[in-house]
Each structure stands twice: as structure tokens, then as C-alpha cells.
Asks: 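Quick one: the structure is below, questions incoming.
Note that the coordinates shown come from a computational prediction; the quantities given were computed from them, not determined experimentally. Indexing begins at 1, ligand by ligand and atom by atom, following the structure's order.
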Amino acid sequence: MHSSSACPFAAALLLAKPLYAVPTPQGSSQALANPDFGPIVSESPYYSDYNGTTPPFPGNYTQPVFPTAKGPPGPDDLLFQNLAGAEWAIYNFYQFGVDTFNESAFVEAGYPNTTYQRIIEIRDNEAGHARLFEESISNTSTKPAQCKYKFGITTPVAFLAAHTIVEISSMAFLTGLILQAKLDSSKAALVAVAETESRHEAWGLIDIWQQSPFGGPVDTAFPYANEILDTTKVFIIPGSCPAGNPTYPVPSQTLPSLSYAQNSTTLLPGSPITFAFSNPANQPKFEDGKTYYAVYFHGLLNITEPFDTKTYASKVPPEFEAKGLFLAVIADAPGAPTIDSVVAGPLVIVEQPVEINSGIL
Ligand SMILES: *[C@@H]1O[C@H](CO)[C@@H](O)[C@H](O)[C@H]1NC(C)=O
Ligand SMILES: *[C@@H]1O[C@H](CO)[C@@H](O)[C@H](O)[C@H]1NC(C)=O
Ligand SMILES: *[C@@H]1O[C@H](CO)[C@@H](O)[C@H](O)[C@H]1NC(C)=O
Ligand SMILES: *[C@@H]1O[C@H](CO)[C@@H](O)[C@H](O)[C@H]1NC(C)=O
Ligand SMILES: *[C@@H]1O[C@H](CO)[C@@H](O)[C@H](O)[C@H]1NC(C)=O
Ligand SMILES: *[C@@H]1O[C@H](CO)[C@@H](O)[C@H](O)[C@H]1NC(C)=O
Ligand SMILES: *[C@@H]1O[C@H](CO)[C@@H](O)[C@H](O)[C@H]1NC(C)=O
């Protein structure tokens, strides 16, 4: 992937075409620069009602939208470019579900006969988010296109478990991104989208997992949102992002990814846990004689537990309620007070239903 400023094609487009009369060849992604092109979010019912199995707008476009105006980027362009990058992965996850399964696949696996239709509706909502985030990026910056993704999922239950993880983690990074937003209108947009993800999550808890839809009084706010975005890069097929796409995400710490030995823990509060670092090419380096900590986030709290740098052993905080989402990071200071204090992670731990983490996937 290249940064937008390094893309010669964008500059050529600007030079070759008068500013507000950019021709839009049929099928060109550049047509998306016009906010009136395609169904309008919150006017058209399309982003809930499109029942096709082929990709909905704007998922039927594959190239980035290059700037149509010169000037400095908008105050929240980088935030929305990062968010669009994440959204393309999420939208494609649901489109993958629509492509891979059908109504009978979910019914045969024991789920309600409305499941496939709900997946279609969520897919449509996510397409609407992609359009909303494109439009939130000003005309002086590139609007990223989707890449190609692999999810490694073959069964309906694995897909639905991943759905629950995707929705609750996106609620956490949307809240975290509010800390980066410059404009109050961007903050409101992030909350409004997180609310929609929360409805998706509640549907899964009721209809799929037959649990209470509620996750305690407050969901998890994680301040280092880009660290969650970074974890979604495992779904991108290497080299599949179109030329001219902005780098995703920016900034990126490319921290070692954090997982855990499945036979070591129930993941419930108070349970022991043995962490693991699943990417052999990106292992943490623990300095001799230095103390490292496992810091767990839930709701608006974080709790620090010991972390053994030799055995990778720690403990899920007994103080937390068994609700919603925990996020765990390895840090070189209690409470992971700065982004640079985080040395690995985050790990997403879903507590509702907690079995989602332990072997279904
Ligand atoms: C994408 O879908 C929209 C909405 O149906 C349609 O207007 C547009 O022509 C489609 N574009 C392509 C390239 O398929
Ligand atoms: C952005 O560019 C598009 C395409 O040229 C144009 O339709 C739209 O009005 C522009 N938006 C703003 C805010 O200038
Ligand atoms: C899509 O299907 C749902 C459920 O069957 C239905 O309510 C809705 O009207 C359909 N939308 C369109 C555009 O046909
Ligand atoms: C669902 O897919 C299966 C396997 O491809 C197929 O046999 C079945 O007819 C499909 N059912 C529907 C309702 O399309
Ligand atoms: C779907 O399931 C409900 C009950 O779970 C049943 O009443 C309804 O007839 C079913 N619909 C179809 C189309 O099978
Ligand atoms: C748990 O699994 C790991 C490998 O993933 C293995 O090394 C370890 O011995 C297992 N522990 C127990 C208690 O079975
Ligand atoms: C974790 O909690 C401590 C104590 O309340 C706080 O000082 C610290 O900033 C928190 N860490 C983060 C990343 O918010």
C-alpha cells in the first residue's frame, strides 16, 4: 500500500481535469466522489433492504477515490481513512457470509430461519457505513477502496461466533476513535455508528446465543483504537490492496499479536491464563530484569495483573463482571498509561457467550 501523497496517479488526475467537472467513466470508482451518487445514507432504505447476494453499493467498486480538490486534509480525514479501512474488512466479512452460506445452512446448523436475512441486513448496514465514511473524508484526501480478505471460516457457527467478536470489538474501537476526533460532528457520527453495531450485537445475543442482550451498564472503551485496527490486518490477503490506497492504519505500531493457550483458561474473571504470541515473525522482546504486566480493560476500568515473561502466565482479573468485552495487552508499566507502554496485543476476550473464545472458532 502507498500513502496518498506518494500516488502519482492522484496528482495526474488533478492536473488533467478541471476541478468540478471531473468526468466519471462508467464503472469508475471516481464517481463515488459525488456525494449524490448512489443511494443516500439515511434517505434510501437500500442500506437495510437490499436483498441481493451480489455486493451492494459501494461494495461494487474496487478502486480508491482520488482527491478532487487541492488543499490540506480535513481535520478528521486520517481518522475516517483508518475507519474506512476497518469497515471494508467488516463489510467484506458479512458479504463473505452472504456468499458462503444460505438460509438452509443456518437452519440446518440449528439457528433461526431469519438468520441469513439478518446477515444480509447487517451486510447492508455495513455497506452504508462504508459510504458514510467515504463521505466523511474531504475531497482533498483519498477515500480508500476495499482490499481482498480471507477469513478462514467454513461453518455457520464459526461465522456467527466471529460476528459477535467483530461487533463487540468494533464498538470498542469506535469509542476509542472518539479520543482522536477533532470535530464534534465526527464524535457524534462515531457514537451513532457504534449504536448500530450494538444493535447487531444484541440481535446475536438474543437470537443466536439465546442470552440476555445486555452487557452491563457500560461497554468497553479502549483508548488505543489503532491497536485494534492493526489486528484486523490478518484478514487482508497480502498484496491485494489497490495501488493508491492509503496505508492502513496510520499510525501503526505493528505490535506482536496476542493470543492464549486454549487449555489454560476459562477466560472467566479470576481464571488463570497463559498468553501466546501467535505470529512467529513478530515475537515480543522482553528485557532481562524489567517487569512487564498484563493490563485488562473492561468498561471504563483497567486492572493490572502480573505477567511472567518466561511462562507467559497471568490471571484474568477476578474483580471484573463476566459481561461484554475484556481487552488484554502486555505493557511495560502498570495501567498501560501511554500507547508506547504497550508491547503486545490487544487480545479480544468476549464474555458473552464466553464459549465463543474457547474452541468453536
Ligand atoms: C453499483 O451499484 C449501484 C447501486 O445499485 C449502481 O447505481 C451502480 O451502477 C453500480 N456500479 C457498478 C460499477 O456496478
Ligand atoms: C467533492 O467533489 C465532488 C466531485 O467533484 C463534488 O460533487 C462535491 O460537491 C465536492 N464536495 C465538496 C464539499 O466540495
Ligand atoms: C428484503 O426482504 C425483507 C424480508 O423478506 C423484506 O421485508 C424487504 O421488503 C425486502 N426488500 C426488498 C427491496 O425487496
Ligand atoms: C443452500 O445451499 C445448499 C448447498 O450449496 C443447497 O443444497 C441448498 O439448496 C441451498 N438452499 C437454498 C434455500 O438456497
Ligand atoms: C420460521 O420459523 C418460525 C418459528 O421459529 C416459523 O413460525 C415460521 O413458519 C418459519 N418460517 C419459514 C419460512 O420456515
Ligand atoms: C496445553 O497446550 C499446550 C500446547 O498448546 C501444551 O504445550 C500444554 O502441555 C497443554 N497443557 C495442558 C495442561 O494440557
Ligand atoms: C488505567 O487505569 C489507571 C488508573 O485509573 C489510569 O491511570 C491509566 O491511565 C489507565 N490506562 C489507560 C490506558 O487508560
Asks: Under a plain distance cut-off of 3.5 Å, with no hydrogens placed, do H298 and E351 share a side-chain donor-acceptor pair?
Replies: no
Asks: Between R118 and E121, does at least one N-O distance fall below 4.0 Å, as a salt bridge requires?
Replies: yes
Asks: Judged by modelled atom types alone, do N226 and Q180 share a side-chain donor-acceptor pair under 3.5 Å?
Replies: yes
Asks: If you measure only the distance, is there a donor-acceptor pair under 3.5 Å linking the side chains of T254 and S252?
Replies: no
Asks: Under 3.5 Å, is there a donor-acceptor pair linking the side chains of H129 and Y47?
Replies: no
Asks: Between the candidates G335, A333, P337, which shows the shortest non-hydrogen contact distance to atom 12 (C) of ligand 7?
Replies: G335
Asks: At a 4.0 Å threshold, what atoms of ligand 7 neighbour a non-hydrogen atom of Y224?
Replies: 13 (C)
Asks: What do you reckon, does Y50 put a non-hydrogen atom under 4.0 Å from ligand 1?
Replies: no
Asks: Checking contacts now, so for atom 2 (O) of ligand 7, which I'm interested in, is there any protein heavy atom under 4.0 Å?
Replies: yes
Asks: Do any N/O atoms on N302 end up under 3.5 angstrom from N/O atoms on ligand 7?
Replies: yes
Asks: Does a side-chain N-to-carboxylate-O contact under 4.0 Å join E135 and R131?
Replies: yes
Asks: Might you check, step by step, whether the distance between atom 5 (O) of ligand 5 and some protein heavy atom is under 4.0 Å?
Replies: no
Asks: How far is atom 13 (C) of ligand 5 from its nearest protein heavy atom, and which residue and atom name does that atom have?
Replies: N113 ND2, 4.3 Å
Asks: What part of A336, side chain from CB on, backbone N/CA/C/O, both or neither, has a heavy atom under 4.0 Å from ligand 7?
Replies: backbone
